[in-house]
Amino acid sequence: KYSSTIGLLRRVLERKGLPVIPQGGPPMSEMEALMEWLFGRGGQLNGACPELCWLRDIALLFKFLATMETRSAELLRRRRDVNEYQFWRLTF
């Protein structure tokens, strides 16, 4: 509720003169209304401020790609030694 993304969305809605909770719709909390503004399809925000929708999509794409692991890194992380629980070895 107090994240920078929600703060930005509130300021954009204020500047565009749009209400946070739309009138005449189903009753919902403020957080539900903000998420509907941010992720809802065909809303007024798409027409009033399309750059915010582009920013949302690019930020999500960046977060997804930045946290992606390569196949070799994933296999190394999952790799287990054959004798993982053996703490001693006999050497001759």
Side-chain angles (χ1 to χ4, degrees):
K1 188 172 180 174
Y2 301 108
S3 71
S4 57
T5 305
I6 298 301
L8 174 67
L9 180 61
R10 285 176 196 248
R11 285 191 291 272
V12 167
L13 290 174
E14 279 181 19
R15 288 188 181 205
K16 297 293 181 179
L18 298 170
V20 173
I21 300 175
Q23 301 298 325
M28 60 177 73
S29 69
E30 182 183 10
M31 194 66 189
E32 288 175 328
L34 287 169
M35 291 302 108
E36 184 64 32
W37 276 112
L38 192 59
F39 298 112
R41 291 281 180 201
Q44 295 176 356
L45 192 60
N46 292 343
C49 190
E51 58 271 8
L52 185 64
C53 296
W54 280 99
L55 176 67
R56 174 201 65 200
D57 295 343
I58 295 298
L60 287 174
L61 182 65
F62 174 77
K63 285 182 179 184
F64 173 74
L65 292 175
T67 58
M68 185 185 295
E69 281 186 314
T70 62
R71 179 168 167 73
S72 60
E74 183 181 1
L75 291 174
L76 283 175
R77 186 175 46 83
R78 289 185 180 181
R79 179 175 174 254
R80 293 185 186 184
D81 289 335
V82 175
N83 297 324
E84 182 179 354
Y85 300 107
Q86 183 180 3
F87 298 110
W88 51 272
R89 293 181 190 210
L90 295 175
T91 57
F92 295 100

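Position 1 is the first residue of the sequence, and the numbers go up from there.
Scored by the side chain to side chain contact (heavy atoms under 4.5 Å, CB included) test, S29 finds M31, E32 as partners (sequence neighbours excluded).
Inter-residue side-chain proximity for D57 and L61 is flagged as unmet; no heavy-atom pair is nearer than 4.5 Å. Within the 4.5 Å cutoff, the side chain of V12 has no heavy atoms near those of the R15 side chain.
Under the 4.5 Å side-chain contact rule for hydrophobic residues, L55 and F39 share a cluster.
Checked by atom type and distance alone, the side chain of W37 pairs as donor or acceptor with a backbone atom of P19 at under 3.5 Å.
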task = For E30 and R10, run salt bridge (Lys or Arg N to Asp or Glu O under 4.0 Å): C-alpha distance rounded to whole Å, both residues' side-chain angles, the deciding distance at 0.1 Å, then the answer.
result = CA-CA 11 Å; E30 182 183 10; R10 285 176 196 248; 2.7 Å; yes
key: M35/I6 under side chain to side chain contact (heavy atoms under 4.5 Å, CB included): CA gap, chis, key distance, verdict   = CA-CA 9 Å; M35 291 302 108; I6 298 301; 3.0 Å; yes
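Annotation for C49 and K16: closest pair CB-CE, 4.0 Å, computed over non-hydrogen atoms. Here the closest heavy-atom approach between residue L34 and residue L9 is recorded as O-CD2, 3.3 Å.
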